[in-house]
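Sequence positions, counted from 1, serve as the residue numbers for this chain.
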Amino acid sequence: MTLLAVLSAVLLSIPYLVPHMGIISLFALVPLLAMERIATLSGIKKVWRWHYPTFVLWNALTTFWVCNATIGGGIFAVLANALQMSLVFGLFRLSRKAFKGVLPYLFLAFTWIAWERFYFSAEISWPWLTLGNSFARTLSLAQWYEYVGTIGGSVWIWACNLGLFGIMTVLSDGSWTERWNSKAKAGAIISFAAVLLTPIITSLVIWNSYEEEGTPLEVLITQPNFDPYQKFQALSQDQQNAVLEDIIRENLKQRKDNPSPEPLLVLAPETFTSDVNLDIVSMGRTFRRMVGVLTEYPNVNLLFGATTMKFINSDSRPSDTARDLGDGNWLQTYNSAIMTDGSARYEIFHKSRLVVGVEKTPYPKIFRPIDDLLGGVMGRDIGQDEISLLHVQNNAEGKNAVSIPIGCAICYESVYREYCTGYVKKGAMALTVITNDAWWGDTPGYRQHLSYSSLRAIETRRDIARCANTGISAIIDQKGRVLESTPWWETTVLRGEIHLRKGETFFVRNGDIAGRICTFMFVLLLLALVLQRVELCLRVVELLLVFLLGILEHLLVCVVALVVADEHHHVDRANFDVSERSCRAERHHAKHHLLHFSVSVGVS
């Protein structure tokens, strides 16, 4: 059993660590299911001793790199995420006591998908290991995500694993040869083949036939390569600004000498600067310096990341996330993206999907007072209520004016599939991702993060320009392919084009249909499970009431007999003996009812 548990953890991890291995996920859960079946048939208890370590090992193998940024946070992420997976599996184990046949396995799949879907919107959210992400580096088989999204991939993975496990089960217990006729066998094989091959064929057809759409937009992606652990000790903000300015000037020489009427977008990474006061944005040192550079390059727009802040004067706490500066002064912080050009106009977008602990204090009414006692170690950023777009513009007016709507996902937001469709619903013609993945070091973390942008490109059919402080920066096309990319941990630039596309995919228009259906089925089966348990409880209560009523009835008879005997004290000794024997007989009947109740409960 231990070997099967370890095998399943390793197979689940491979697609996240090795390119083009997504197909392994279609049978990676089979060893785990086989382990559980062996435990059930053998009568082994406490099976969590195997399935919880399976999920811990899977999480550790694929997301150990979180410890590079925060050891405590990394360990907590592994153990807590594995615990949630294990609770899903434990609920499946419980359902086997009420459901028969394939129902417990369907309940397992529906519960898992419902949990994955909930996890994307939970206050404490870490959906990195959504099963559908297994195909993030096997893009030729993920093209059908434009219809079903990543959760649809999770449904496919569960369907294939359960189908294969079901066939293995009937082969091992003799049902295939002894009880299944030729039609049943053919039906099972054809059904499994259809579940396995339909998404593959659909994806390959799209992969080989899809053509890039839209007009081009020139982009210049900068990769300044600042070590985040030494960023403020090694270089002042002015020195960092000088590095970005030199990169822009060096790569836009030709555009300065020969101005173009077409807009160009320059990207700088997440949290490039931290000197932006939202009340006086145009007065910030970095903002003024960048605008000064852009005045020399007409029609060039700059999108850069910034830690922004708002100072609030109030006698009482203005929000649960505001930091107390004393004397009625409070500080509210944001992780933002700012779009500007040589005219000094600006637009700001605040990151909404924040990293728990580092950027965000979850359930602030509960954890903020605790964090205050610890000295304010948790992040207190807040996001905006709904998605907004940024616009790439030229300097022309009237008919020649250009304003291109762009969606900007900041770092971790690129993991959230339905959230990113919001940019397209708002009218975004292309997407950008600005991030700083250097915290994790040279580990699988930044490569996994890059690959999830490919899934967002497929789901929305939008080109993506990705800017990462230390890499990997990339230009991703509408099929999710990385057309151009930069090396890791190197100061460099990437110049190219992204295509501007209109229209919405089925997934953008309709959202996560697969997830909603599975959640609905989970609720139905959970109700059935609860009602069955309630029915058993009601039966026990009914038997208990019958028993108690029987006892009361016989006690009443005894009391009546004693009262009658007391009132007729003149009755002779023989008659009294008869009453005493009658009372003993009633007590014998009560014992008989107690024995009958015990047997009935045992049978139930």
Side-chain angles (χ1 to χ4, degrees), residues 217-226 228 231-232 234-311 333-350 389-397 400-404 406 408 410 432 434 436 465 467-469 473 491-496:
L217 170 67
E218 190 175 4
V219 294
L220 176 67
I221 302 173
T222 67
Q223 186 171 301
N225 201 48
F226 298 132
K231 181 177 180 180
F232 298 106
L235 294 173
S236 67
Q237 186 62 58
D238 283 340
Q239 290 173 313
Q240 295 174 53
N241 293 343
V243 171
L244 180 59
E245 179 180 338
D246 290 343
I247 291 174
I248 293 174
R249 292 186 183 281
E250 179 67 25
N251 289 275
L252 293 183
K253 287 180 179 179
Q254 186 176 3
R255 194 169 180 103
K256 184 176 182 179
D257 297 335
N258 299 289
S260 170
E262 300 299 325
L264 179 146
L265 175 61
V266 178
L267 293 175
E270 176 192 21
T271 59
F272 170 74
T273 184
S274 58
D275 61 3
V276 179
N277 184 335
L278 292 175
D279 292 321
I280 48 171
V281 173
S282 60
M283 298 299 292
R285 290 173 62 85
T286 299
F287 183 86
R288 287 188 289 113
R289 182 163 185 169
M290 292 302 110
V291 168
V293 173
L294 295 175
T295 56
E296 304 175 26
Y297 303 92
N299 304 318
V300 172
N301 295 247
L302 173 64
L303 171 58
F304 64 96
T307 298
T308 60
M309 64 198 77
K310 180 184 285 291
F311 292 94
T333 55
Y334 308 79
N335 186 347
S336 309
I338 300 176
M339 178 79 82
T340 189
D341 59 20
S343 69
R345 62 99 187 176
Y346 64 87
E347 296 173 298
I348 298 179
F349 172 77
H350 299 307
L389 303 181
L390 306 174
H391 296 80
V392 177
Q393 299 180 355
N394 64 3
N395 296 338
E397 298 180 356
N400 296 322
V402 173
S403 181
I404 302 167
I406 298 291
C408 180
I410 303 176
T432 59
I434 59 173
N436 186 359
C467 176
N469 172 34
S473 302
T491 302
T492 185
V493 296
L494 185 61
R495 190 164 185 172

Student: Tell me which one of Leu252, Leu302, Asn394 satisfies side-chain contact (heavy atoms from CB on, under 4.5 Å) with Leu264.
Tutor: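 Among Leu252, Leu302, Asn394, the one meeting side-chain contact (heavy atoms from CB on, under 4.5 Å) with Leu264 is Leu252.
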Student: Give, for atom OG1 of Thr286 and atom CZ of Phe272, the distance between the pair rounded to the nearest 0.5 Å.
Tutor: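 One gets 6.0 Å once the value is rounded to the nearest 0.5 Å.
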Student: Quick test of your reading: applying ring-ring contact (aromatic ring centres under 6.0 Å, His included), list the pairs with at least one residue in residues 235-265, sequence neighbours left out, ordered by first then second residue.
Tutor: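 Pairs touching residues 235-265 that pass the test: none.
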Student: For the backbone of Arg345 and the side chain of Thr340, can you confirm whether one donor and one acceptor N or O come within less than 3.5 Å of each other?
Tutor: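 Here the side-chain-to-backbone pair exists.
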Student: What distance do Asn436 atom CG and Ile410 atom CD1 have between them, rounded to the nearest 0.5 Å?
Tutor: 12.5 Å
Student: Just verifying a value: how many Å separate Thr432 OG1 and Ile221 CD1, rounded to the nearest 0.5 Å?
Tutor: 9.5 Å
Student: Donor-acceptor pair, distance only, cut-off 3.5 Å: does the side chain of Glu347 make one with the backbone of His391?
Tutor: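 Side chain of Glu347 to backbone of His391: a pair is present.
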Student: Closer than 3.5 angstrom, by distance alone: can the side chain of Asp275 be matched with the main-chain N or O of Gly284 as a donor-acceptor pair?
Tutor: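 Pair absent, no side-chain N/O of Asp275 close to backbone of Gly284.
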Student: Do the side chains of Leu267 and Val219 get nearer than 4.5 Å, heavy atoms only?
Tutor: no
Student: Please check if the side chain of Gln240 supplies one atom and the backbone of Leu235 the other of a donor-acceptor pair under 3.5 Å.
Tutor: yes
Student: Do Thr273 and Phe287 make a side-chain contact, defined as non-hydrogen atoms from C-beta onward lying under 4.5 Å apart?
Tutor: no
Student: Where the side chain of Thr222 meets the backbone of Pro224, is there a donor-acceptor pair that is under 3.5 Å apart?
Tutor: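 Side chain of Thr222 to backbone of Pro224: no pair is present.
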Student: Counting heavy atoms not belonging to Gln254, are there more than 12 under 6.0 Å from its CD?
Tutor: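 Atom CD in Gln254 is not packed in, count stays at 12 or less.
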Student: Could you give me the CA-CA distance, side-chain angles and deciding distance for Gln223 and Leu494, then say whether side-chain contact (heavy atoms from CB on, under 4.5 Å) is met?
Tutor: CA-CA 8 Å; Gln223 186 171 301; Leu494 185 61; over 6 Å; no
Student: Just by distance, do the side chain of Asn301 and the backbone of Leu265 share a donor-acceptor pair under 3.5 Å?
Tutor: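 No.
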Student: Using 0.5 Å steps for rounding, measure from the CG atom of Asn469 to the OG1 atom of Thr491.
Tutor: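 Answer for the CG-OG1 pair, Asn469 versus Thr491, is 9.0 Å.
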Student: If we only count heavy atoms from C-beta on, is the Lys253 to Tyr297 side-chain gap below 4.5 Å?
Tutor: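 No, side chains not in contact.
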Student: If you compare all heavy atoms of Pro261 against all heavy atoms of Asn299, which two are closest, and at what distance to 0.1 Å?
Tutor: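 In terms of heavy atoms, the two residues are closest at CA-ND2, 3.5 Å.
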Student: Could you state the interatomic distance from CG (Asn335) to CZ (Phe349), rounded to the nearest 0.5 Å?
Tutor: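 Spacing of CG (Asn335) from CZ (Phe349) equals 10.0 Å.
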Student: For the CE atom of Met309 and the CG atom of Asn277, what is their distance to the nearest 0.5 Å?
Tutor: 7.0 Å
Student: Checking the side chain of Arg288 only, and the main-chain atoms of Met283 only, is there a donor and an acceptor separated by less than 3.5 Å?
Tutor: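 The answer is yes, because a donor-acceptor pair under 3.5 Å joins these two groups.
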